[in-house]
Trainee: 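Below is a structure I'd like to ask you about.
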Amino acid sequence: MVLRFLKMGFVTFTLFSVLALPILLPLNTINQLNSDGLNLFTIGNIKDKNRLWAHLVLSVILSAGLVYLIYRETRVYLVLRRRYLLSPGYANTVTARTLYVPSIPKSTNTVAELHKIFDRFPGGVRRIWMTRDTKDLPDQIKDREKHVKGLEGAITDAISKTYKHNAKKGAEVELGGPGSHIPDKLRPTHRVTPLPVSVPCVGRKVDSIEYYRSEIKELNDKILASQRAPEQFTQLNSAFIEFNQQIAAHMAAQCVIHSQELQMAPRYLQVAPSDIIWENMNVRSIERLIRRFLSLTITGVVVIFWAIPVGFVQAVSNIETLSKLVPFLSKLNDLPATVVGIIQGILPAVALAVLVALVPVFFEYLSTKEGTPQKSAVDLAVLDKYFFFLYVDVVLLSTAVGGVLHVISAIKDNPLSIIDTLATSLPKASTFFITYVMLQAFNGTAKQMLLISSLAKSYIFPFLTKTPRDIYVQKTKAPIITLGTLVPGHTLIFVLGILYSTIAPLILPFAAFYFILSYFVYLYQFLFVYEMEYETGGLAFPRALRHVYIGLFTWQLTMIGLLAIQVAIPQLIIMAITFVASVFSMALYDLSFKPLFEFLPIQQNNKELMVSTEDAIENAEADKTKTSQDDEEVLPVDAEAASAHLRKRLKQQQSSNRSTPMGANAGAGDSDQSFAMSTARAVFDVEYYMNPSLYQAQPTVWLPEDDLGITDYEMDRLRELSIITSSEGARAVHAGNRGQKSNIVLDHGLFEEGGRGIPHEAPTPNTAKDPTQTAANSLNIVSAFALSS
């Protein structure tokens with residue numbers, strides 16, 4: 001929907017440029033006040049009030065056109081959103097049928113009670129996940145991941161050094177122990193210190209391979225013991241409820257569930273596992289409201305105090321006027337005209353772009369602390385906060401400062417001239433914004449195409465990657481884009497284009513150019529470069545349209561003020577009526593469309609959606625029956641009990657296969673594989689909304705094959721300790737030349753066209769893009785579940 005908004009901006013400003021420029025430019029410039037520079041083309045250059053009728057007529061046309069476009073695009077958006085939600089690829093997922101319920105009272109916070117409440121909805125409840133406080137288990141898993149990466153790095157580095165050592169010494173090698181092929185002096189060591197960073201000569205010195213091996217073994221035992229007894233962890237006051245029908249989740253989200261206020265509300269739909277903020281699972285509704293109030297208060301304070309540097313940046317764009325107020329700056333006027341032009345024109349726009357880029361990080365922290373359970377909801381909250389900041393500090397403040405600085409000296413000398421002076425001076429602030437839009441059109445889109453940080457990493461990281469995992473991550477990880485910072489930048493340009501459309505019409509072609517250039521740039525980036533960590537289902541689009549409404553109101557009020565200053569009473573009255581009509585249109589917009597933004601209607605226009613709803617439902621039911629018919633007969637509603645049952649069944653099957661003599665079960669291999677795969681897929685589904693730390697398996701110690709036997713020896717040692725390890729798809733290559741470093745080569749089948757992924761690492765609901773298909777096609781999932789059960 002970002003691309004659709006950019007297309008909407010291009011259409012709006014292109015059409016209005018074609019309509020307004022031929023009319024307004026001659027009216028603003030011919031036989032009027034002859035202002036300096038670009039101010040000649042603004043409404044402030046007009047002295048004949050009758051010419052303002054053209055500005056009024058065009059303002060009414062643009063207002064009506066924007067309202068029509070907003071309604072039209074909203075209808076298109078709702079159709080596209082319903083197509084997405086009802087598509088088989090989404091409707092058949094667990095996420096589509098699941099509801100997150102927070103702030104559950106203690107008396108209701110059991111599987112039995114929740115099943116009794118929610119089983120009344122169509123199709124009933126399929127599964128319930130109770131959330132738990134996993135205490136230090138996530139930290140243990142992070143430590144284990146760190147030790148696995150440390151062990152991979154230590155062994156890979158030892159292989160490289162041994163290759164180099166052997167090339168220097170010849171065929172004779174100095175062994176470091178029975179069966180080892182690493183010379184004593186080349187064995188990796190490091191210091192263990194309680195400090196957050198490693199400090200030379202601080203801490204005890206250990207053999208890295210032995211240390212990491214023992215730490216992984218110890219953590220494996222602790223983590224597996226905790227995962228096998230999830231009931232030991234305190235239950236939190238929230239749960240995930242999966243229904244058998246998608247529409248039931250939408251109905252349950254809208255009903256009044258509990259008789260007490262702020263209990264089991266608000267409920268959330270479309271919460272994907274990768275979208276969950278597990279730290280906020282125990283935040284009660286009243287606590288969330290208080291946190292949100294404090295967050296919004298802090299946001300307001302930040303916006304106010306950030307106005308100081310932003311105001312100074314705008315002041316710099318008026319050196320001549322600023323030097324009259326601050327005499328010691330008068331020396332800047334003696335600089336060459338080119339330098340003064342750069343300081344006044346380009347430097348403020350660049351400085352403003354830098355200032356506004358520093359704010360979203362803090363807003364993201366605030367939004368997370370509000371207690372929101374979804375990362376996407378945090379992203380949308382950042383979107384609103386960041387736009388509010390841009391609107392106040394960039395649009396309103398810069399306009400006010402830019403206009404007032406031009407007139408403050410004149411007002412001091414003759415206070416009675418304030419009305420006439422403001423009428424000619426307020427439009428002069430448009431020069432700054434024309435420059436700002438030009439900068440964003442050329443520089444902003446160029447930065448998006450270049451992605452200089454990613455470009456630099458692509459040259460630097462190959463020198464830093466030394467393990468198969470490092471190389472795999474580098475080749476498969478794409479830049480992440482967040483809507484919280486992306487959308488407000490575009491809506492700001494839209495607002496500026498509207499605001500100065502009839503005041504300084506020269507901004508129109510630059511705004512149109514910005515949107516058409518951005519459209520093609522982001523079309524390419526979304527197709528081939530960016531990936532999103534989670535999906536909002538287009539929920540940012542209605543917020544972007546709300547920003548357009550804010551820009552529309554700001555522009556209309558500004559026009560009313562300018563017409564009042566010009567004492568153009570008839571035009572002022574018509575503009576005021578247009579403003580009231582626009583406000584009414586927004587009220588009608590909210591009343592008509594808001595419920596449809598989040599919830600699916602029971603009645604669907606199948607022709608509009610271009611699908612048969614009945615067929616989609618039948619296919620979903622048939623697919624669910626086909627994949628889990630056997631499991632539905634025995635699996636309990638409680639996800640923890642279902643997970644334990646399935647893992648036990650998979651473990652028994654693996655043990656049975658190992659104990660069966662070769663040839664005794666000939667021809668049953670395919671059925672055994674099918675059984676294991678279906679069971680693994682069912683495990684994947686029932687663990688969908690569990691805290692990842694309750695089922696996450698040990699990452700594979702992934703080592704490269706070598707000709708020295710180091711990897712084989714170390715893998716045997718690891719398997720003796722039941723540590724998962726593999727050398728599949730990775731090899732350390734060395735030509736035997738003296739001084740040459742070994743290279744790690746990966747099998748392209750690991751990451752190309754979907755790929756097999758890292759050996760023995762099962763896709764999880766928190767990482768899988770298409771969990772059902774990934775689980776069905778990946779052989780890794782069977783071995784991973786068996787090894788971690």
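Numbering starts at 1 and runs along the sequence shown.
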Trainee: When you compare the side chain of V701 with that of I723, does any pair of heavy atoms fall below 4.5 Å?
Mentor: yes
Trainee: Look at R717 together with E210 and state whether they make a salt bridge at an N to O cut-off of under 4.0 Å.
Mentor: yes
Trainee: Contact between I480 and E531 at the side-chain level, heavy atoms closer than 4.5 Å - yes or no?
Mentor: yes
Trainee: So which atom in Q254 and which in H250 form the shortest heavy-atom distance, rounded to 0.1 Å?
Mentor: NE2-O, 2.9 Å
Trainee: Where is the tightest heavy-atom contact between D119 and V125, given as atom of each residue plus distance?
Mentor: OD1-N, 2.8 Å
Trainee: With a 4.0 Å cut-off, would you call D207 and R187 a salt bridge?
Mentor: yes
Trainee: May I ask you to check whether over 12 heavy atoms, not counting those of E231, lie within 6.0 Å of atom CD?
Mentor: yes
Trainee: Drop me the distance from I216's CD1 to L718's CG, to the nearest 0.5 angstrom.
Mentor: 7.0 Å
Trainee: Any ion pair linking K385 and E370 (charged N to carboxylate O, less than 4.0 Å)?
Mentor: yes
Trainee: Are a donor atom and an acceptor atom from the side chains of T98 and E242 found within less than 3.5 Å of each other?
Mentor: no
Trainee: May I ask you to test the L262-L289 pair for a side-chain heavy-atom distance under 4.5 Å?
Mentor: yes
Trainee: Give me the one residue out of E533, E535, E279, E364 that meets salt bridge (Lys or Arg N to Asp or Glu O under 4.0 Å) with K375.
Mentor: E533
Trainee: So H190 and Y212, ring pair (Phe, Tyr, Trp, His ring centres under 6.0 Å) or not? Walk me through it.
Mentor: CA-CA 11 Å; H190 70 281; Y212 288 131; 5.0 Å; yes
Trainee: Side-chain contact test, heavy atoms from C-beta onward, threshold under 4.5 Å: evaluate it for P138 versus W278 and give yes or no.
Mentor: no
Trainee: Say you draw a straight line from OG1 of T134 to CZ of F233; how long is it, rounded to the nearest 0.5 Å?
Mentor: 6.5 Å
Trainee: Could you give me the CA-CA distance, side-chain angles and deciding distance for S238 and Y100, then say whether side-chain contact (heavy atoms from CB on, under 4.5 Å) is met?
Mentor: CA-CA 7 Å; S238 60; Y100 171 68; 3.2 Å; yes
Trainee: Is it true that the side chains of S376 and D379 contain a donor and an acceptor less than 3.5 Å apart?
Mentor: no
Trainee: Under 4.0 Å between a Lys/Arg side-chain N and an Asp/Glu carboxylate O for E714 and R213?
Mentor: yes
Trainee: Measure the spacing between OG of S226 and CD of Q140 and express it to the nearest 0.5 Å.
Mentor: 5.5 Å
Trainee: Any donor-acceptor pair under 3.5 Å linking the side chain of Q232 with the backbone of A229?
Mentor: yes
Trainee: side-chain contact (heavy atoms from CB on, under 4.5 Å) between M715 and S727: does it pass, once the steps are laid out?
Mentor: CA-CA 9 Å; M715 287 175 59; S727 61; 3.8 Å; yes
Trainee: Examine distances only and state if a side-chain atom of Q227 and a backbone atom of S693 form a donor-acceptor pair shorter than 3.5 Å.
Mentor: yes
Trainee: State, to 0.1 Å, how close P636 and R127 come at their nearest heavy-atom pair, and which atoms those are.
Mentor: O-NE, 4.2 Å
Trainee: Could you tell me which non-hydrogen atom of Q246 sits nearest to which non-hydrogen atom of L85, and how far apart they are?
Mentor: NE2-O, 2.9 Å
Trainee: Between E145 and K149, does any NZ, NE, NH1 or NH2 come within less than 4.0 Å of an OD or OE carboxylate oxygen?
Mentor: no
Trainee: May I ask you to test the F599-L269 pair for a side-chain heavy-atom distance under 4.5 Å?
Mentor: yes
Trainee: Quick one: pull up CZ in R267 and OG in S103 and give me the separation to the nearest 0.5 Å.
Mentor: 11.0 Å
Trainee: Taking the six-membered ring where the residue is Trp, are the ring centres of W129 and Y689 under 6.0 Å apart?
Mentor: yes
Trainee: Quick one: does P373's side chain get under 4.5 Å of I276's, heavy atoms only?
Mentor: no
Trainee: Regarding R132 and N691, do their side chains bring together a donor and an acceptor under 3.5 Å, going by distance alone?
Mentor: no
Trainee: Does Y365 have more than 12 heavy atoms from other residues, nucleotides or ligands lying within 6.0 Å of its OH?
Mentor: no
Trainee: Around atom OH of Y84, are there more than 12 heavy atoms from other residues, nucleotides or ligands closer than 6.0 Å?
Mentor: yes
Trainee: Can we say K217 and D221 salt-bridge, meaning some charged N sits less than 4.0 Å from an Asp/Glu carboxylate O?
Mentor: yes
Trainee: Would you say that H147 contacts Y211 through its side chain, given a criterion of any heavy-atom pair below 4.5 Å between the two side chains?
Mentor: yes
Trainee: Quick one: pull up CG in L151 and CZ in R144 and give me the separation to the nearest 0.5 Å.
Mentor: 13.5 Å
Trainee: Count the heavy atoms belonging to other residues, nucleotides or ligands that lie under 6.0 Å from CZ of R731, then report whether that count exceeds 12.
Mentor: yes
Trainee: Roughly how far, to the nearest 0.5 Å, is CG of N282 from CD of E287?
Mentor: 8.0 Å
Trainee: Do L114 and M264 have side chains that get closer than 4.5 Å, going by heavy atoms?
Mentor: yes
Trainee: Quick one, N244 with R97, criterion side-chain contact (heavy atoms from CB on, under 4.5 Å). Give me CA distance, side-chain angles, the key distance, then yes/no.
Mentor: CA-CA 7 Å; N244 285 306; R97 303 187 301 268; 5.8 Å; no
Trainee: Do E113 and T108 have a side chain donor and acceptor closer than 3.5 Å?
Mentor: no
Trainee: Do Y268 and E598 pass the side-chain contact (heavy atoms from CB on, under 4.5 Å) test, and can you show the C-alpha distance, the side-chain angles, and the key distance before you say yes or no?
Mentor: CA-CA 10 Å; Y268 297 82; E598 186 174 0; over 6 Å; no
Trainee: Do you know which two heavy atoms are closest between R291 and N280, and how far apart they sit?
Mentor: NH1-OD1, 4.2 Å
Trainee: Over all heavy atoms of both residues, which pair between A96 and A249 is shortest? Give the atoms and the distance, please.
Mentor: O-CB, 4.4 Å
